[in-house]
Amino acid sequence: MTDLKLPQLPDRNPVKLSIAVMPDLHQALIDYAALYATTYGRDEPVAELIPAMLAAFLESDRGFARNRTKR
């Protein structure tokens, strides 16, 4: 087998999740999407923003990162 500097790419097939949220959270997500559009001049549906929001949250959670690396 040839040694390559680039490792094998990870699985990039999206996993679809369905969630139910309370009306107040739904409204907050709509408000966030509106502010995003105002800030960046680009409308994005809430469903497109949620994965990025979750990723940013998990990346910023130091306790989660610490415990995840212990596993």
Side-chain angles (χ1 to χ4, degrees):
M1 182 186 293
T2 305
D3 289 333
L4 298 176
K5 289 188 181 220
L6 180 67
Q8 183 176 357
L9 296 176
D11 184 4
R12 297 181 313 269
N13 293 321
V15 176
K16 186 168 180 100
L17 299 176
S18 295
I19 63 168
V21 297
M22 293 296 176
D24 57 335
L25 177 55
H26 182 248
Q27 186 58 53
L29 291 168
I30 292 170
D31 295 344
Y32 191 94
L35 182 57
Y36 181 94
T38 301
T39 302
Y40 296 110
R42 182 175 169 173
D43 286 326
E44 293 287 350
V46 169
E48 294 293 320
L49 294 175
I50 290 173
M53 295 167 80
L54 288 171
F57 173 79
L58 291 175
E59 288 171 7
S60 69
D61 189 325
R62 291 187 181 136
F64 172 69
R66 239 186 339 269
N67 282 295
R68 190 171 191 207
T69 56
K70 288 180 183 178
R71 297 170 99 195

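Heavy atoms only: backbone and side chains are in, while hydrogens, waters and symmetry mates are out. None of the values given here were measured: they were computed from a predicted structure.
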Checklist entry - Who passes salt bridge (charged side-chain N to carboxylate O under 4.0 Å, His left out) against Glu44, sequence neighbours left out? => result Arg42
Checklist entry - Taking all atoms of both residues into account, what is the closest heavy-atom pair of Ile50 and Leu29, and its distance? => result CD1-CD1, 4.0 Å
Checklist entry - Would you call Asp24 and Gln27 a side-chain contact if the rule is heavy atoms closer than 4.5 Å? => result no
Next on the checklist: Can you tell me how far apart CG (Leu49) and CG (Asp43) are? Round to the nearest 0.5 Å.
Outcome noted: 10.0 Å
Next on the checklist: I need the His26 NE2 to Asp31 CG distance, nearest 0.5 Å.
Outcome noted: 10.0 Å
Item to check | Members sharing Leu6's hydrophobic cluster (side chains within less than 4.5 Å) | outcome: none
Next on the checklist: Suppose clustering is done on Ile, Leu, Val, Met, Phe, Trp and Tyr with side-chain heavy atoms closer than 4.5 Å. Which residues sit in the same group as Leu35?
Outcome noted: none
Next on the checklist: Filter on side chain to side chain donor-acceptor pair (under 3.5 Å), then keep only pairs touching residues 50-60, sequence neighbours left out; what's left?
Outcome noted: none
Item to check | Inter- and intrachain pairs under ring-ring contact (aromatic ring centres under 6.0 Å, His included), touching residues 40-71, at least two apart | outcome: Tyr36-Tyr40
Checklist entry - Can you list every pair that meets side chain to side chain donor-acceptor pair (under 3.5 Å) and has a residue in residues 7-22, with sequence neighbours left out? => result Asp11-Asn13
Checklist outcome for this item: Rounded to the nearest 0.5 Å, the CG atom of Leu25 sits from the CD1 atom of Ile19 at a distance of 7.0 Å
